[in-house]
Amino acid sequence: MSGAMSGESRYHEVYAAWKADPRAFWGEAAKAIDWFTPPETVLDEKAGVYGRWFEGATCNVCHNALDRHVETRGDQPAMIYDSAMTGETATWTYREMRDEVAALAGVLRGMGVEAGDRVVVYMPMIPQAVFAMLACARLGAVHSVVFGGFAAKELATRIEDARPKAILSASCGLEPGRVVAYKPLLDQAIELSIHKPDACLIYQRPQADAALVEGRDHDWQGAIDAARREGRLADCVPVAATDPLYVLYTSGTTGKPKGVVRDCGGYMVALAWSMEALYGMKPGEVYWCASDVGWVVGHSYIVYGPLIAGCTTILYEGKPVGTPDPGAFWRVISQHKATTLFTAPTALRAIKKEDPHAEHLKRYDLASFRALFLAGERADPATVEWAEDILKVPVIDHWWQTETGWAIAGNPVGLGVLPVKHGSPTVPMPGYDVRVVDEGGRDVAPNTMGSIVIRLPLPPGCLPTLWHADDRFRESYLEAFPGNYSTSDAGFVDEDGYLFIMGRTDDIINVAGHRLSTGGMEEVLASHPAVAECAVIGVKDQLKGEVPCGFVVLKAGVERSPLEIEKELVALVREKIGPVAAFKLAITVGRLPKTRSGKILRGTMKKIADGDAWSMPATIDDPVILDEIAQELSRRGIG
Ligand code: COA
Ligand code: AMP
């Protein structure tokens, strides 16, 4: 264990206070928010699928993120944009950002967007992406941000499900060594989708000029200039606390992503509480979350959390390495005086690989830096130890999911750091009654592996349901362990109440902190005319944690070279899902190992590929197949 003594932390007292009276706890936390109609009911257990927070209250998230701060901190930077891709930096004060967002909201209203309408945002990490989210919030419209690394087909699936009135995009994103033209992907997605938006607003970046479709597409800057000239600025629209702020699609077990719904009131309350108690942030301080606005982490801690808390947020366009070197993160912290960095372990592994002795760190003054937070995948002890050693600040692993919107477990810096145990994201946050259970839903003893569940109701900020899919929500999360939300993560709690998250119980894998469905990849592989059947598993990777690996059996009579087909399969996943899937490994095998009842033995294949000890499952149909697979993997240097 390392870190401060637990006696110095207020965590246990605060958690106990929540447990004793959850309504009083969240009612008190709600005072951090400006309401139009303050909440009278903190939790209505009868409303919604499992209860709703702050039913009856009205509010506006953009008001809380921007407008209310203009009075008290109007000239303080709200956002610093730092692009390691272009070398550009720019700062917006709270006042400037409010004005920018009010103009964009005016443009959206001119395009017919009203409260409750959906707006898809498909943008790179540029300030306009943040303005877009806040402008939707200002109008009470529901944004759905789609990560730029997804292909047209994935975007189309999300457009069909969200049915947006408008889509906001940019001419391009910038990846090391290439300009990713977004507009052709957007055009293709709209073509593929049955639902068509009324209008698109396109931000033209200097690196690429997008062709606009007449009658549908509008030039972003031109529209903003006109709105300003004509005084078409939009005010904040009061909405119900229980109204949706956004829908964020995340990988499910099939190719059809789940539309995670986030409400307005509960989300703000949870974020405000977490900024202070978990991250230890005070208004006016600089907070940096090096994720992407396309992911939940970006929604909560690039955009809404820091702004609601009156902090300065950093929007970083770049990578941890190669833009231009492994000192990039230290440069940003030092240049903008960030107190806190939140990133994925994979980013640190990338830095460690290129600069193991942290030579680049010596070039920067990190006097402002207080804590490093990690999430998105398991923080492996070796990486945490390395980071502690070079940074000399607490390195805090915390565990959460797109569904929860904020940490389920963590080590609350604002309440006094608890001793750190490497490999554990520490303890449950108030609001989360976390249990480890066996298949029958019974609590297991300490240090025993089981399924991790959260006793209902989920706390403020967590998803109330899936977009227009209450039944799918119930089936996916609530039915396996009645009375509980099933996290689909497995792990254990130790004798001190520390949680250890060891992996998913479904077919979701985590590639460089990005959540991907192996089921979705299997659907793509199966669509290839030469493929008879397939299985995709996640195999261990030193940098990305896991990478997908597809095993395919070709149809009888296919005479083409398997190598050629494997290349086509790699290209097909990139085309259909996107480069973010990092699918680079397709392996042709004679047969797939199955149980006698026909279930593919993915778990055993994974063990072989990871080089872990494995034994022949008793239920296997034909033991020879696994040996064949082991031989093929070893021939390719895997396992
Ligand atoms: N638009 C278009 N393409 C994108 C993209 C975007 N927004 N984001 C990533 N891609 C592409 C990359 O260019 C890469 O393409 P390639 O196969 O042609 O090289 C592919 O998707 C995989 O990207 P990435 O996962 O970023 O891997 P990488 O090899 O480029 O970089 C790391 C490795 C570790 C540096 C990088 O994964 C990283 O910084 N991870 C941090 C993850 C993170 O913040 N996760 C958020 C959860 S907290
Ligand atoms: P996402 O919805 O993309 O945030 O992915 C959520 C999943 O990532 C979780 O269900 C976990 O499997 C994994 N995950 C996130 N954070 C952690 C962590 N700190 N430790 C272990 N696994 C994590």
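Everything numeric in this text was worked out from a predicted model, so none of it was measured. Indexing begins at 1, ligand by ligand and atom by atom, following the structure's order.
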Pair [X] + [Y]: basic N to acidic O under 4.0 Å:
X      : Y      : result
Arg602 : Glu522 : yes
Glu523 : Lys153 : no
Lys258 : Glu475 : no
Lys606 : Glu546 : yes
Asp161 : Lys256 : yes

Starting from [atom], find the nearest protein heavy-atom neighbour and note its residue, name and distance.
atom                    : result
atom 6 (C) of ligand 2  : Trp400 O, 3.5 Å
atom 13 (C) of ligand 2 : Asn510 ND2, 3.4 Å
atom 42 (C) of ligand 1 : Ala512 O, 3.3 Å
atom 34 (C) of ligand 1 : Thr346 OG1, 3.5 Å
atom 4 (C) of ligand 1  : Glu175 CD, 3.5 Å
atom 25 (O) of ligand 1 : His514 NE2, 3.3 Å
atom 6 (C) of ligand 1  : Gly149 N, 3.4 Å
atom 1 (P) of ligand 2  : Thr402 OG1, 3.4 Å
atom 43 (C) of ligand 1 : Ala344 CB, 3.9 Å
atom 20 (C) of ligand 1 : Pro579 O, 3.3 Å
atom 3 (O) of ligand 2  : Arg515 CB, 3.3 Å

Parallel, tilted or perpendicular, as decided by the 30° and 60° cut-offs, for the rings of [Y] and [X]:
X      : Y      : result
Phe492 : Phe500 : parallel
Tyr279 : Phe342 : parallel
Tyr246 : His299 : tilted
Phe473 : Tyr50  : tilted
His514 : Phe147 : tilted

For this session: Would you mind finding which of Glu377, Lys258, Gln401 brings a heavy atom closest to atom 23 (C) of ligand 2?
Result: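 Going through Glu377, Lys258, Gln401 one by one, Glu377 has the nearest heavy atom to atom 23 (C) of ligand 2.
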
Exercise. If you measure from atom 11 (C) of ligand 2 to every heavy atom of Asp489, Val297, Asp506, which option wins on shortest distance?
Worked result: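 Of the listed residues, Asp489 has the closest heavy atom.
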
Would one find an N or O of [X], backbone or side chain, under 3.5 Å from an N or O of ligand 2?
X      : answer
Gly376 : yes
His398 : yes
Thr250 : no
Thr487 : no

Quick check on contacts: which atoms of ligand 1 are under 4.0 angstrom from a heavy atom of [X]?
X      : value
Val297 : 48 (S)
Ala290 : 44 (O)
Val580 : 21 (O)
Tyr182 : 1 (N), 7 (N)
Pro320 : 35 (C), 39 (O)
Lys544 : 22 (C), 25 (O), 27 (O), 28 (P), 29 (O)
Lys584 : 17 (O)
Gly513 : 47 (C)

Distance-only N or O hit between ligand 1 and [X], under 3.5 Å:
X      : answer
Arg574 : yes
Arg178 : yes
Lys319 : yes
Ser291 : no

Exercise. Do Glu88 and Arg205 pass the salt bridge (Lys or Arg N to Asp or Glu O under 4.0 Å) test, and can you show the C-alpha distance, the side-chain angles, and the key distance before you say yes or no?
Worked result: CA-CA 13 Å; Glu88 193 187 343; Arg205 299 187 77 180; 5.9 Å; no

Mind checking whether [X] contacts ligand 1 via backbone (N, CA, C, O), side chain (CB onward), both or neither, at a 4.0 Å heavy-atom cut-off?
X      : answer
Phe147 : side chain
Arg349 : neither
Ala582 : neither

For this session: Can you confirm whether something in the protein, heavy atoms only, sits under 4.0 Å from atom 32 (C) of ligand 1?
Result: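 It does not; no protein heavy atom is within 4.0 Å.
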
Exercise. Any protein heavy atom sitting closer than 4.0 Å to atom 36 (C) of ligand 1?
Worked result: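 No, no protein heavy atom sits under 4.0 Å from atom 36 (C) of ligand 1.
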
Exercise. Would Asp433 and Arg435 count as a salt bridge (Lys or Arg N to Asp or Glu O under 4.0 Å) if you check the C-alpha gap in whole Å, the side-chain angles of each, and the deciding distance to 0.1 Å?
Worked result: CA-CA 7 Å; Asp433 185 351; Arg435 279 137 195 257; 3.3 Å; yes

Exercise. With a 4.5 Å limit on heavy-atom distance, are the side chains of Thr339 and Met281 in contact?
Worked result: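 Yes - at least one pair of side-chain heavy atoms lies under 4.5 Å apart.
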
For this session: Kindly indicate whether the side chain of Met275, heavy atoms from C-beta on, has any atom under 4.5 Å from the side chain of Tyr301.
Result: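 The answer is yes, as the side chains (C-beta and beyond) meet within the 4.5 Å cut-off.
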
Problem set entry | His360 side chain to Glu354 side chain, donor-acceptor N/O pair below 3.5 angstrom |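 Side chains of His360 and Glu354: no pair found under 3.5 Å.
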
Exercise. Out of Arg349, Lys544, Arg504, Lys540, which residue meets the salt bridge (Lys or Arg N to Asp or Glu O under 4.0 Å) rule with Glu377?
Worked result: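 Checked Arg349, Lys544, Arg504, Lys540 against Glu377; only one passes salt bridge (Lys or Arg N to Asp or Glu O under 4.0 Å): Arg349.
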
Problem set entry | Nearest heavy atoms of Pro244 and Val142, plus distance in Å |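 For Pro244 and Val142, the tightest heavy-atom pair comes out as O-CG2, 3.6 Å.
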
Problem set entry | Centroid-centroid under 6.0 Å between Trp400 and Tyr432 rings |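 No, the ring centres sit 6.0 Å or more apart.
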
